[in-house]
Amino acid sequence: MDKYRIRPHTKINLNEFDPNDISEFKGDKEDGNKHTAKLNAELEVLQEKLYAEHKRKVLIVLQAMDTGGKDGVIRNVFDGVNPQGVRVASFKVPSALELDHDYLWRIHSLSPGKGEIVIFNRSHYEDVLVVRVHNIVPEDTWKKRFDHINDFERLLSDEGTIVLKFFLHISKDEQKERLQARLDDPEKHWKFSVGDLKERALWDDYMQAYEDVLSKTSTEWAPWYVVPANKKWYRDLVISTVLVTMLKKFDIKYPENKDDLSKVVIE
Ligand code: ATP
Ligand code: MG
């Protein structure tokens, strides 16, 4: 899955990434889902150790265009993990209070603590994506943010956070199909937002903004992965694989009990 990781300082052209790619897995959808289920079981054990160890922290950043599948990833990749140690933080349009502070204020406060896995459903990257595309702040302001973000993620990493960032890459056609499916099914109407059509019209601007994000903020300490996301099963498989592989690289251990348990007798 390394092929989806963006090397630092690489100029990215998203046209060169195929959202339909399924080339890193030999098997069909059914095999893929079985494989993801196995990874879920591995993640469950790793997460329990992480929680017990109470030392490292894990931050997963999910970014995508509307209908890109952030919710599906949260549901499928974390299926089975103990909710006690996992938290989702969703970032919407900032509140008045949030806007009174710098853009990383709300982000930092929801970052993971020791033993915790936190999934960011949208993130500080909105402050160089939607904010840029809609000219919410001047260019001079958002341009400086790439450096802030790299430094901020460096801080998290230096202080024990494993940071992984995923861009769920769907095609514009796939988005059309998914929006249409929401429109056609009354049970999916709640997910349909007329505002999404306005963002869709700005697709090319968003792609350019994402290319800059990927080119400037994929670092050794907080890498980006461009995940082919037209096929939902493959998207989940890629993210599960990256996450489990990464966590296995760290020697996460259950802590020793501070007492000598060999002498304990339970009456
Ligand atoms: P869903 O998949 O359920 O639609 P969502 O993440 O799209 O989930 P919404 O409430 O539809 O949630 O949208 C949140 C909106 O908030 C997005 O349009 C996003 O661009 C916007 N947003 C997030 N952060 C910022 C920010 N810092 N400045 C301006 N807008 C932001
Ligand atoms: Mg939305």
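Numbering of ligands and ligand atoms starts at 1, following listing order. Everything quoted here is computed from the prediction, not taken from an experiment.
Counting only residues at least two apart or on different chains, the side-chain hydrogen bond (donor to acceptor under 3.5 Å, both in side chains) pairs with a member in residues 26-43 are E42-K248.
Here E139 pairs with K143 in a salt bridge; the nearest charged N to carboxylate O distance falls below 4.0 Å. Look at R154 and D151 and you find no salt bridge, because none of the NZ, NE, NH1 or NH2 atoms lies under 4.0 Å from a carboxylate O.
Judged purely by distance below 3.5 Å, without hydrogens or angles, the side chains of S123 and K165 never pair a donor atom with an acceptor atom. Between the side chains of Y210 and Q63, at least one donor-acceptor pair of N or O atoms lies under 3.5 Å.
Residues F91 and F120 place their aromatic rings such that the two centres sit under 6.0 Å apart.
Protein neighbours of ligand 1 below 4.0 Å, counting non-hydrogen atoms: D66, K70, D71, F91, K92, V93, P94, R106, R122, E126, D127, V130, V131.
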